[in-house]
**Q** 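If you scroll down you'll find the structure; I have some questions about it.
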2 protein chains.
Amino acid sequence: MDSTLLKGLTLLELLTQSPVPVGVSALATKLALPKSNVHRTLGTLVSAGYVRRLENGTYEASLKVWELGMQVMKRNQLRRAAIAFMHALQGVTTETVTLVAPDGDDCLYIHQMEASAPLRISTAAGERAPAVMTISGRVMMAFYADAAQRAQRLYDAVSPRPPFGLETLLSDLKTIRQNGYAMSGSHWRPGINSMAGVICGPDGVPVGAIAVAGSKERFTDEKMQELVQPLLSACANVSRALGG
Amino acid sequence: MDSTLLKGLTLLELLTQSPVPVGVSALATKLALPKSNVHRTLGTLVSAGYVRRLENGTYEASLKVWELGMQVMKRNQLRRAAIAFMHALQGVTTETVTLVAPDGDDCLYIHQMEASAPLRISTAAGERAPAVMTISGRVMMAFYADAAQRAQRLYDAVSPRPPFGLETLLSDLKTIRQNGYAMSGSHWRPGINSMAGVICGPDGVPVGAIAVAGSKERFTDEKMQELVQPLLSACANVSRALGG
DNA sequence: GGCGACGTTCCATATAGTAGAACAGCCACA
DNA sequence: TGTGGCTGTTCTACTATATGGAACGTCGCC
């Protein structure tokens, strides 16, 4: 099943995750592969432009992966549909507005519009977090048809074990479903208030979420209450733009 | 030389460049490869998470490439060093500020801060353009030690043939070198005024450029003149932050 | 000066990818 | 309602291609 390709991709992933250039030996031990093998694979990755070889014989990922990735993101339906309405929402609040998509057990941070007073602590675009631990993830989970089963599966999958029980999660999801939006909790990052609404596709299945987050002191409960309607209408507009 | 890996990467590039999902046959003919081969390769790309198979048997690139690419970009030295000073520059002007890096014969658009009145026509982050055709590319070319040779090579490489002669380019570069910055031209995109300064690494070699661009009507010659000093100091600051 | 760890090169072996043919499903046109 | 031509997919014998151990040259450190 194309083990060579698979190995090359794994190698590329390792390099993209490494904060510093890596040598052949380190990569070889990490992949449990002979040095000569890794060396040749690195050679082809270099000749394809995905990896750069530094003068001291170490290797690092080039920007080619990023360039390809940006082409993909540029065409992303969710982002294209959401970006205008996010701008509008950004105009109403002064906090950080984030676009999130579900991806496996996690939610993936697609786009972020930083507040004028930027929120340094928050997760940035391109990162991911367990769905159970974020309001964005929760608001999406709440609106799946099989919400309860899915919640249990995701809850069991997350490690380390969350600081709350499964029952708490399930009742939270129920509340979210009733309200139509999710709020605060600050389970994921302490000191931060946040709220999120769900974006649904044509078939009513959650395909994304818009979240607003700010520091507890500035982004008070009152301000959040004022934002409920703008947030919900933004989400509704995006859902409609997607054909829902 | 790991032809399988090379082929898989080419396939991935094709998919990232395609605006719509593609079928096996189309990919096979484009790569001049047997269908069965492409089919198996697509299978491993899917199992690795880089490609998604749609229900109608067509394939499209997933966001995994983008996710990896964002990890690389997050660590990018140039971007990390420049972003704060770009923000400062953005505060002075109301136009679009762009960070550019040289990459082969092209310049690659690393980061873009949109103006309050956004400039829709300009090239976006993740895209690339021939160095000869942009002020950002020109300001970097002008400050290489072998500027003249490099200019000739890049001039000959670009197609279609530029609407200006090599002599014009060389004299332009000379002017740029004397001024310390590049201005306007609007060779690449008509109706747009633009200016750029160069960012140099520790060894004095150009490693990037900062460009400011706006519509001819709003971003007048006078406004550009006022921006020369802020732009140059921003570039100098970034160069210094890089150890230059 | 020599030990150890590094990146790199080489080459016989067999494994893993190749390519063609055959299959099954779909759609369009007659 | 066929039928022809297009999909994507499966299968298999073949051989070209990746494999991995051993040997090489080089650097830095004790």
Side-chain angles (χ1 to χ4, degrees), chain A residues 1-62 64-65 68 72 75 77 202-203, chain B residues 1-62 64-65 72 75 77 202-203 243:
Chain A
M1 202 218 288
D2 282 277
S3 61
T4 306
L5 173 54
L6 229 46
K7 176 176 47 100
L9 293 173
T10 315
L11 201 48
L12 189 58
E13 288 180 35
L14 270 181
L15 285 175
T16 59
Q17 282 157 18
S18 165
V20 290
V22 203
V24 178
S25 298
L27 292 167
T29 58
K30 195 165 290 187
L31 291 175
L33 250 51
K35 278 197 298 179
S36 60
N37 195 332
V38 173
H39 180 262
R40 183 175 33 80
T41 306
L42 282 172
T44 73
L45 282 176
V46 167
S47 80
Y50 288 87
V51 168
R52 248 206 331 272
R53 200 200 102 108
L54 305 187
E55 294 184 355
N56 53 350
T58 60
Y59 296 82
E60 67 177 11
S62 78
K64 181 158 184 179
V65 204
L68 287 190
V72 181
R75 300 189 230 286
Q77 296 282 2
D203 45 6
Chain B
M1 203 217 289
D2 282 279
S3 59
T4 306
L5 173 54
L6 229 46
K7 176 175 46 96
L9 293 172
T10 314
L11 200 49
L12 190 58
E13 288 180 35
L14 270 182
L15 285 175
T16 59
Q17 282 155 18
S18 165
V20 289
V22 204
V24 177
S25 298
L27 292 167
T29 56
K30 195 165 288 187
L31 290 175
L33 250 51
K35 278 196 301 178
S36 60
N37 195 333
V38 172
H39 181 261
R40 183 174 32 81
T41 307
L42 282 172
T44 73
L45 282 176
V46 167
S47 80
Y50 288 86
V51 169
R52 247 206 332 271
R53 199 199 103 108
L54 305 186
E55 293 185 357
N56 52 349
T58 60
Y59 296 83
E60 68 177 10
S62 79
K64 181 159 182 177
V65 204
V72 180
R75 299 187 230 288
Q77 296 282 359
D203 45 6

**Q** Rounded to the nearest angstrom, tell me the gap between atom NE2 in A:H39 and atom P in C:dC10.
**A** 11 Å
**Q** Within a 6.0 Å radius of atom CD on B:Q77, are there more than 12 heavy atoms belonging to other residues, nucleotides or ligands?
**A** no
**Q** Taking for each residue the nucleotide of DNA chain D bearing the nearest heavy atom, is the 5' side occupied by B:L5 or by B:G23?
**A** B:G23
**Q** Of the non-hydrogen atoms in A:A61 and A:T16, which two are nearest, and what is the gap between them?
**A** CB-CG2, 3.9 Å
**Q** Over all heavy atoms of both residues, which pair between B:D2 and A:K7 is shortest? Give the atoms and the distance, please.
**A** OD1-NZ, 4.2 Å
**Q** Sequence neighbours left out, what pairs pass side-chain hydrogen bond (donor to acceptor under 3.5 Å, both in side chains) with at least one residue falling in residues 18-31 of chain A?
**A** none
**Q** Could you tell me the separation between the CG atom of A:N56 and the C1' atom of C:dA5, rounded to a whole number of Å?
**A** 14 Å
**Q** For A:M1 and A:V22, take the nucleotide of DNA chain C holding the closest heavy atom to each; which residue's nucleotide lies nearer the 5' end?
**A** A:V22
**Q** Measuring from B:K64:NZ to A:E13:CD, what's the distance to the nearest 0.5 Å?
**A** 4.0 Å
**Q** Rounded to the nearest angstrom, tell me the gap between atom CG in B:L54 and atom P in D:dG8.
**A** 12 Å
**Q** With the side chain counted from C-beta on, respond yes when B:V20 and B:T58 share a heavy-atom pair under 4.5 Å apart, and no when they do not.
**A** no
**Q** Give the rounded distance in Å between these two atoms: CG of B:L42 and P of C:dT18.
**A** 12 Å
**Q** List the protein contact pattern of nucleotides 19-30 of chain D with one symbol per nucleotide (5' to 3'): B for base contact, S for sugar-phosphate-only contact, - for none; contact means a heavy-atom distance under 4.0 Å.
**A** BBB---------
